[in-house]
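Here the structure comes first, spelled out in structure tokens, and everything after it is commentary.
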Protein chains: 2
Amino acid sequence: MDQRLADTIAQDLEELIFDGTFSDGERLDEVKLSEQFGVSRTPLREAFQRLALSGLVDLIPRRGAFVRQPGPVELMEMFEVMAELEAACGRLAALRISDEAMKDLTDANARCQEAVDAVDPDTYYLENERFHKIIYNQSGNSFLEQEASKLHRRLKPFRRQQLRFRGRMDQSMSEHENIVRALDSGNPEETANALRDHVAVQGEKFHNLMATLK
Amino acid sequence: MDQRLADTIAQDLEELIFDGTFSDGERLDEVKLSEQFGVSRTPLREAFQRLALSGLVDLIPRRGAFVRQPGPVELMEMFEVMAELEAACGRLAALRISDEAMKDLTDANARCQEAVDAVDPDTYYLENERFHKIIYNQSGNSFLEQEASKLHRRLKPFRRQQLRFRGRMDQSMSEHENIVRALDSGNPEETANALRDHVAVQGEKFHNLMATLK
DNA sequence: ATTTCAAATCTTGTATACAAAAATGTTGAC
DNA sequence: GTCAACATTTTTGTATACAAGATTTGAAAT
């Protein structure tokens with residue numbers, strides 16, 4: 001992505017705040033946070049700019065930085081875009097994927113299966129992530145790969161819990177099989193559809209989850 | 001998009017630098033620029049953070065900000081992603097577009113035709129932009145709309161010149177007709193394909209342009 | 001001439017200072 | 001009790017100050 005040699009405080013702060021748990025609408029108090037992190041306001045404000053562009057905070061001039069947790073509607077929208085981005089990756093990867101990557105993919109999938117058998121959602125999550133990253137990468141379009149990764153990361157907190165749904169891991173597995181098959185046959189359209197559906201299901205599952213929590 | 005009440009210097013600077021003409025690899029000297037714009041380094045650096053996240057500069061810790069003009073390869077990649085994003089917009093819009101928007105679309109298209117007849121690339125460019133924005137909007141997914149708009153803006157400087165190609169305006173027009181027809185028939189797949197091809201052509205034209213200039 | 005090392009200079013990253021806008025609190029009129 | 005006007009306090013936005021890392025320069029050694 002961009003310079004990840006972990007250096008400036010500003011960039012570290014971005015991650016800290018990104019991962020930190022703030023409630024929607026909350027104002028990020030510059031002095032309080034700067035004390036909390038033991039830094040001055042300057043690097044903090046630079047981090048705010050990045051967070052604002054990522055859409056994690058609203059930066060209202062002369063008012064402050066307000067965290068912006070996406071609501072149900074926006075989340076559905078984001079999942080929809082994720083589905084389309086993954087579909088795009090698949091479409092391109094179907095034509096461009098290397099034999100080696102194809103092997104890696106089936107390998108990752110096998111480990112997913114192991115995790116399913118062991119009923120181990122955490123491992124499943126990890127191997128699933130590897131599976132998808134391979135496809136991003138094999139799109140042969142590093143700009144696309146970056147964009148997909150960015151959104152993927154953004155959705156992480158919302159995707160994670162879904163594997164706890166009864167039967168979700170099994171379903172996800174069988175969808176993976178379809179994806180691998182389509183990729184292997186080199187059919188762009190089929191691959192795109194398989195991936196779009198796979199991710200769209202996540203959005204729907206999330207929707208259900210929201211409904212149950214309300 | 002985000003807070004556009006045009007207020008803080010930092011945000012204004014972002015635009016100034018975005019639009020400014022810098023050559024690839026050039027280092028953005030903080031003191032020189034701050035003198036040039038008549039501001040201190042603080043808001044400038046905040047602007048740098050935003051530019052970095054947009055991919056317009058590389059921010060190398062303790063080294064500085066270096067402008068990052070996309071090379072031919074990256075540009076092709078970006079056009080490819082633009083094509084997929086527009087295809088996604090079209091796919092969704094085919095199911096969601098309102099009658100009113102459909103009218104606006106044919107209207108915009110009619111004006112495009114007038115511009116073609118008048119051999120007026122500038123007007124064509126403007127109306128063409130309106131045409132596409134309507135489709136982004138009618139995807140019914142404002143997150144997607146934003147992402148598409150962002151990349152559209154980013155590619156602006158590279159898209160513009162292409163209309164000068166002989167026959168490009170005519171070709172573009174007939175592609176528009178296909179898009180409108182597909183949308184009108186409510187066929188998602190067809191619409192997506194029409195839009196993808198339409199934008200992909202731009203990438204190819206650009207590729208040609210690059211080749212002639214080298 | 002080339003290389004090495006260190007001093008000097010420049011540039012960035014962060015802290016602090018200050019001014020102006022926004023928020024808060026207080027007083028007084030009605 | 002409510003509202004308005006004004007004073008007070010916070011808080012942001014920007015400028016400046018300072019320290020540490022990077023770059024350049026130049027002299028000495030090979």
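In what follows, every chain begins at residue 1, and chains take the letters A, B, ... in the order their sequences are listed.
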If you restrict it to nitrogen or oxygen atoms, what contacts under 3.5 Å exist between nucleotides 5-8 of chain C and the protein, and what is each distance?
none

Can [X] and [Y] be counted as having a side-chain donor-acceptor contact under 3.5 angstrom?
| X | Y | answer |
| --- | --- | --- |
| Y124(A) | R111(A) | no |
| Q49(A) | R50(B) | yes |
| Y136(A) | E86(A) | yes |
| Q11(B) | E15(B) | no |
| S23(A) | E26(A) | yes |

Measure the distance from CD on E35(B) to P on dT11(C) and round it to the nearest whole Å.
11 Å

Rounding to a whole Å, what distance do you find between L33(B):CG and dT12(C):C1'?
14 Å

Contact string for nucleotides 7-15 of chain D, one letter per nucleotide 5' to 3', B = base within protein heavy-atom range under 4.0 Å, S = sugar-phosphate only, - = neither, reads ----SBBBB

Do the side chain of R96(A) and the main chain of S139(A) share a donor and acceptor less than 3.5 angstrom apart?
yes

For the backbone of E77(A) and the side chain of N141(B), can you confirm whether one donor and one acceptor N or O come within less than 3.5 Å of each other?
yes

Are R27(A) and F22(A) in a cation-pi setup, meaning NZ or CZ lies under 6.0 angstrom from the ring centre and within 45 degrees of the ring axis?
no

